[in-house]
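Worksheet: the structure to be examined is printed underneath.
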Amino acid sequence: MSSEVRVRFAPSPTGYLHVGGARTALFNWLYARHAGGKFILRIEDTDRARHVDSAVAAILEGLRWLGLDWDEGPGSGKEAGLDGCGEYGPYFQSERGAVYERYLNRLRDAGHVYEDPAGAVRFRLPRKPMEFDDLVCGHIAVDRSKTTTPTGEPESDMTIRRPDGSWIFHFVNVVDDAEMRITHVIRGEDHLSNTPKHIELYQALGIAPPQFAHIPLILNRDGSKMSKRDQGAHVSSYMEQGYQPEAVCNYLCLLGWSPKDDREKLPIEEVIRLFEPSKINRKAAHFDLEKCNWLNAQYLAAMSLDEFTQASIPWLKKAGIVYGGTAALSPVLALIKEKIKLIPEVPGWVDYFFTDAFDYNAEAVEKTLRKPGALERLVQLRGAYAELNAWEASLLESQLKELAAKVGCKPAEYIHPARVAVSGRSVGPSLYHMLEVLGQQRVLARIDRTLAEFAG
RNA sequence: GACCCUAUCGUCCAGAGGUCUAGGACACUCCCCUUUCACGGGAGUAACACGGGUUCGAAUCCCGUUAGGGUCACCA
């Protein structure tokens, strides 16, 4: 009746959301949004005994974080809770037993299933050549009569219900896709070999199968299979490490898809506009965290100072830094904003702005303060800065350079010790701007402290 | 083992028979900017897996080989 595109993401609640799964969800979502269709989330928890609410929550949380809102499924993309929305529910397979029973009877009436000696229900798999069109892989022709097990036995019939009455993936997956009016099944390439069997199921049921699109898997950088233990494998790890969700999402979009021009960072609206399942690459993509980090830095650079400040606050609090209001915080963050690749690095760059009790980095001390004459330079610089009636970066710079010229040494002889004296380390923002933000009182006091600590 | 998918710089992506002495990005190296670190700007190293065809012409089409991946469950 309607030609509306309906796609779905159907994870099983394993307790976390894998990036591979996230990308599958993303591509489904992109297509739904591109086509003005619906994105459905269905939880494949056929094993009710293993159903854990927190495991489902981890998946919903990851999807929401990435911005992948669903139109039907547990809860909605926008609100919390697991109640569900949509007219084809429930969206937990553990609650759909009656539906499966009904479809099983249809198969039974048509003579497609039988009970094996152990009491499991099996589907009589037609062993004949068949073919289908895949949106990503193209036309696929297989002869299932030829596939055998590792020991050389012919493949056995597909089990669809266990002796204990619980259901097997293949059957319920097909039934639910049919019941939920799914028009396009976009899933991982690991399902490619399952698809002929699923199509047989559709045919036995007398239902027209949906369009299929199998997307390549994501591998580790070195080409090995990405497992749950690998770095960056869980969406939650990006949440915990303070990545920008837009950046991670953007990166995932680029894994197997591209706008066909040289753009890398592009708004999701633009991806939605250009996305086509048939344009997805056929080759497995290797996951490169470096590039993801670079994209994240691009997103940070594009943030306003205010956005950057708001994003930094939770991490400053977590680090126990008392910054005393955004008015005091923002000028400091302005100094280091473009040096940051990941928001959680912020506390490590600004801590000394908010406490006088910072430590001196041993290596920095060795390389600058311990150098002959360094403390003498500090005394001279302190003298010059103490006399200033104004306190502004360009003035501080000209004063320092004048002093160096008068004494007949390089400005560096003042710059390096000064940096260590006021911050305890040898790397940081532009010295003069840092001094400006710190203020005259604190700068002089910190030089005094340094002189006292390292004299003699 | 059988069946299926895939094959362009280390990695991601352009390239859909001539415009390719193969382009962009990440990473790496060097230079500039900056007397710190980073950003930014510039330059450089680096690839069509191999072998056969088809064609006037192939990274692009076909076949084979090799390599990688997937599936062959009462996991999803």
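Computed from a prediction, not measured in an experiment: that's the story for all the values here. Just so we're on the same page: letters track the sequence lines, and every chain starts at 1.
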Tabulate protein N/O versus nucleotide N/O from nucleotides 27-30 of chain B, keeping only pairs under 3.5 Å, one per line.
none

| task | Using a 4.0 Å heavy-atom cut-off across all strands, classify A/L255 as base, sugar-phosphate, or nothing. | result | sugar-phosphate
| query | Residues from residues 395-406 of chain A sitting under 4.0 Å of RNA chain B, heavy atoms only? | reply | none
| remark: From the list A/R162, A/R122, A/R124, salt bridge (Lys or Arg N to Asp or Glu O under 4.0 Å) partner of A/D116 resolves to A/R122
| task | Can you sort out which residues in residues 121-136 of chain A have a heavy atom within less than 4.0 Å of RNA chain B? Ascending by number, please. | result | A/R122
| A/L431 vs A/E189, nearer the 5' end of RNA chain B by closest nucleotide | A/E189
| Gap in Å between the two C1' atoms, one belonging to B/rC9 and one to B/rA47, rounded | 4 Å
| Gap in Å between the two P atoms, one belonging to B/rC30 and one to B/rC37, rounded | 13 Å
| query | Heavy atoms under 4.0 Å, any strand shown: does A/P216 hit a base, just sugar-phosphate, or nothing? | reply | nothing
| message | Please determine whether a side-chain nitrogen or oxygen atom of A/K283 lies at a distance below 4.0 Å from atom OP1 or OP2 of B/rU8. | response | yes
| query | Under 4.0 Å between a side-chain N/O of A/T46 and OP1 or OP2 of B/rA76, yes or no? | reply | yes
| said: For a quick check of understanding: with a heavy-atom distance under 4.0 Å over all strands, which category does A/G256 fall into, base, sugar-phosphate or nothing? | reply: sugar-phosphate
| said: Regarding A/S430, tell me which of base, sugar-phosphate or nothing describes its non-hydrogen contacts under 4.0 Å with the strands shown. | reply: base
| field | Pair A/Y243-A/S237, side-chain donor/acceptor within less than 3.5 Å | value | no
| Test item: side-chain donor near acceptor, A/Y414 and A/Q380, under 3.5 Å | yes
| field | C1' gap between B/rG52 and B/rU71, integer Å | value | 31 Å
| message | Please give the distance between the C1' atoms of B/rA58 and B/rU11 as a whole number of Å. | response | 26 Å
| message | Using a 4.0 Å heavy-atom cut-off, does A/T147 contact any base of the nucleic acid, only the sugar-phosphate backbone, or nothing at all? | response | sugar-phosphate
| query | Under 4.0 angstrom, heavy atoms only, what part of the nucleic acid is A/A301 near: base, sugar-phosphate, or nothing? | reply | nothing
| task | Tell me what A/G152 touches on the nucleic acid: a base, only sugar-phosphate, or nothing, going by heavy atoms under 4.0 Å. | result | nothing
| If the C1' atom of B/rG10 is compared with that of B/rG68, how far apart are they to the nearest Å? | 16 Å
| request: Could you check A/L219 against A/R161 and say which one's nearest nucleotide on RNA chain B is further toward the 5' end? | output: A/L219
| query | Would one find a side-chain N or O of A/K260 under 4.0 angstrom from OP1 or OP2 of B/rA14? | reply | yes
| Nearest-Å distance once atom C1' is located in both B/rC20 and B/rA73 | 49 Å
| request: Select base, sugar-phosphate, or nothing to describe what A/H170 touches, counting heavy atoms under 4.0 Å on all strands. | output: base
| Does a distance-only test, which skips hydrogens and angles, find a donor-acceptor pair under 3.5 Å between the side chain of A/K146 and the base of B/rC3? | no
| query | Are any of A/R162's side-chain N or O atoms less than 4.0 Å away from OP1 or OP2 of B/rA76? | reply | yes
| Would you say a side-chain N or O of A/S193 is under 4.0 Å from OP1 or OP2 of B/rC3? | no
